[in-house]
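Notes for the one structure printed next.
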Amino acid sequence: MAVVRLLVANLRKLVRRPASWVTLVLLLALLALIFVALIAAARTSPEPEAALGARLFVTFPGAYELVLTMILSIGGLLAVTYGAAIGGSEWGWGTLKAAVARGESRSRYTLLNYAAVAVFTWLGLLCAFVLGVVGAAAGAAFLGVGLAGMTDPDGLRELPELLGRAGLALAMNAAFGYAVATLARSQLAGIAVGVGLFFAEGIAGLFLPQVFQWFPFSASSAVTSPLSGAQVGGAGGGATVVTQLDPNTAVLAVTAWLVVALVVAAGFTERAEVGG
Amino acid sequence: MTSSSSGVALATQGLAKRYGSRVALDGLDLRVPEGVVYGFLGPNGAGKTTTMRILTGLIRPDAGQVELLGRPFGRRDRRRLFDVGALIESPAFYPFLSGRENLRALAATGAPVPATRVDELLELVNLRERAGDKVSGYSLGMKQRLGIAAALLSDPRLLLLDEPANGLDPAGIVGMRDTLRALAAAGKTVFVSSHILSEVQQLVDVVGIIARGRLVREGPVEDLLREAGSIRIRVAPDEVAGAAAALGPIAAGAAVTPGSGPEAGWLTVRIDPARGAEVNRTLAGAGIYASRLETGTTLEGLFLELTGSHPDVTDAAALGTDATAAPQATGWRS
């Protein structure tokens with residue numbers, strides 16, 4: 001009962017929190033922008049490859065997975081910042097102090113606060129997915145691509161699993177930001193460090209792909225990807241290796257990182273001295 | 001330590017806390033009886049807030065024991081705090097939520113709170129009209145009142161308030177004082193730390209004065225003031241010696257201190273301020289008539305004496321100002 005009470009209270013807080021809506025609007029706006037740019041490029045670009053790529057993006061049922069991949073790439077970073085903002089503000093505003101002084105369990109408070117973040121992350125994913133599908137359908141109409149694939153049974157059957165995987169990945173990203181901000185005891189520091197780690201991992205992965213494919217953000221981008229194995233290309237003195245975990249292995253890695261992030265956040269909060 | 005049957009709401013024994021090389025608490029022994037308003041006084045850095053944080057489980061002591069409402073309180077005893085309400089340092093709220101929403105969010109933590117309690121408390125602290133406004137628009141005093149309401153959410157038996165009058169206007173201070181006295185009258189224990197000594201003097205039943213991490217004096221406020229009481233008498237400068245001699249026997253060994261410089265003509269006798277008439281009669285019997293007689297001592301004077309604090313006074317010599325100007329107002333009553 002206490003768990004439900006606290007979770008409901010946290011959800012109510014996030015509904016009123018400007019950061020929730022700013023993050024969602026930003027995600028939707030960026031997604032919309034991508035579709036607009038895609039369609040415009042397809043219609044105006046003299047390159048046939050551009051038109052072909054755009055048509056692939058708006059051809060169902062494959063468009064479902066591509067929309068989710070786009071959401072994971074943009075939304076992944078936004079989830080990190082959102083988690084950091086929510087987690088860090090409890091320390092910065094002193095509201096964790098007030099709860100602890102009332103006898104609330106520190107770890108339960110931390111985990112249920114995160115749980116509300118995860119719920120909002122999933123809701124954001126659903127909103128973005130709906131917008132993405134609408135955008136893809138609109139794009140298909142603009143580019144003269146048929147929409148028969150939207151009701152493809154195999155495609156629809158895979159949707160819940162794809163959404164679940166994407167939700168898990170975004171939840172892990174949010175947990176990562178949440179944990180970093182908790183350790184930093186600051187939403188600003190958490191956002192900065194989280195974003196920094198996000199990009200640093202991406203850059204490091206170019207040089208050590210075999211290692212960094214296991215890291216949180218690389219793994220989260222692989223949970224829905226149909227690609228597997230390594231692709232080597234290039235001429236002359238350079239060779240580009242693109243390595244990505246297969247989706248099932250990526251799910252395991254993401255789950256592990258999610259657990260680690262929550263254990264770190266709850267464990268740190270349990271042992272830390274809570275100041276003013 | 002003690003059991004709940006002995007009527008002790010809060011007790012600490014040998015409480016110690018260090019931050020690096022700085023000693024915040026150095027063996028603090030507190031004993032707060034049930035049903036009183038206890039004033040916890042000390043200069044900046046004495047350890048008041050550190051004590052409050054330990055009592056609410058925010059930080060852990062390096063050594064010592066704590067008892068809340070007769071039962072030991074440690075790392076695994078967070079549920080003891082279900083009967084404790086606290087306002088530690090500045091009140092903490094979500095700026096984007098209203099006052100009412102903040103209280104509801106806080107009510108979801110710790111002990112269960114009846115649904116009607118939030119509005120009752122908003123009425124009590126006179127915030128009902130602004131309860132729907134975002135806390136980001138509240139003044140310091142409003143936030144402080146909301147913080148007091150938050151501390152009362154679970155109808156606690158023990159209330160820990162760190163500088164509750166901070167930011168309150170005079171009407172707010174009077175209202176807070178009345179509320180705290182009513183809570184004590186209802187059997188609750190109120191533990192208040194404050195720098196506003198004149199306010200504490202009017203509010204509290206028992207005082208504990210902390211300095212450099214240790215309790216230097218504790219007891220009923222009336223007893224402490226009586227022990228540290230003085231009477232000041234003004235006589236003609238050539239009658240000071242005679243007055244001191246006349247008052248010596250009734251002072252019974254206590255100091256009779258003649259003033260000097262700007263205080264020339266004043267005598268200070270360290271005795272119970274209630275004996276002012278006796279002092280006056282004694283002087284008249286010796287043929288000496290005082291032109292002024294002032295009684296009492298403030299908690300401030302006792303506090304400064306016990307803590308070794310000095311008023312924040314500019315060095316007049318360094319500024320080249322007149323050091324023989326009239327003495328500052330002391331708050332004494334004639």
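Predicted model only: the values in this text are computed from it and were never measured. By convention in this document, chain letters (A, B, ...) are assigned in the order of the sequence lines, proteins followed by strands, and residues within each chain are numbered from 1.
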Q: Would you mind checking which part of B:Arg75 comes under 4.5 Å of any heavy atom in chain A, side chain (CB onward), backbone (N, CA, C, O), both or neither?
A: side chain
Q) Quick one: what part of B:Pro156 sits under 4.5 Å from any heavy atom of chain A, side chain, backbone, both or neither? A) neither
Go through [options] and name the one with the most non-hydrogen pairs under 4.5 angstrom from chain A.
options	result
B:Ala150, B:Ser154, B:Pro95	B:Pro95
B:Ala86, B:Gly85, B:Ala105, B:Ala111	B:Ala111
B:Thr109, B:Leu153, B:Leu87	B:Thr109

Q. Between A:Lys13, A:Arg17, A:Arg16, which is the residue that forms a side-chain hydrogen bond (donor to acceptor under 3.5 Å, both in side chains) with B:Tyr94?
A. A:Lys13
Q) In terms of heavy-atom pairs under 4.5 Å, which option from A:Met1, A:Arg106, A:Arg108 contacts chain B the most? A)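 Winner by heavy-atom pair count: A:Arg106.
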(Q) Ring centroids only, cut at 6.0 angstrom: are A:Phe176 and A:Phe217 within range, meaning strictly under it? (A) yes
Q | Distance-only side-chain donor-acceptor flag, B:Glu34 / B:Thr189, under 3.5 Å | A | no
Q) Have B:Gln65 and B:Thr12 got a donor and an acceptor in their side chains that come within less than 3.5 Å? A)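 B:Thr12 and B:Gln65 do not have a side-chain donor-acceptor pair below 3.5 Å.
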Q | chain B contact via A:Ser105 - side chain, backbone, both or neither, heavy atoms under 4.5 Å | A | both
Q: Applying side chain to side chain contact (heavy atoms under 4.5 Å, CB included) between B:Leu215 and each of B:Thr51, B:Ile209, B:Leu30, B:Asp29, report the one that passes.
A: B:Leu30
**Q.** Ion pair A:Lys97/A:Glu90, N-O distance below 4.0 Å
**A.**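 No.
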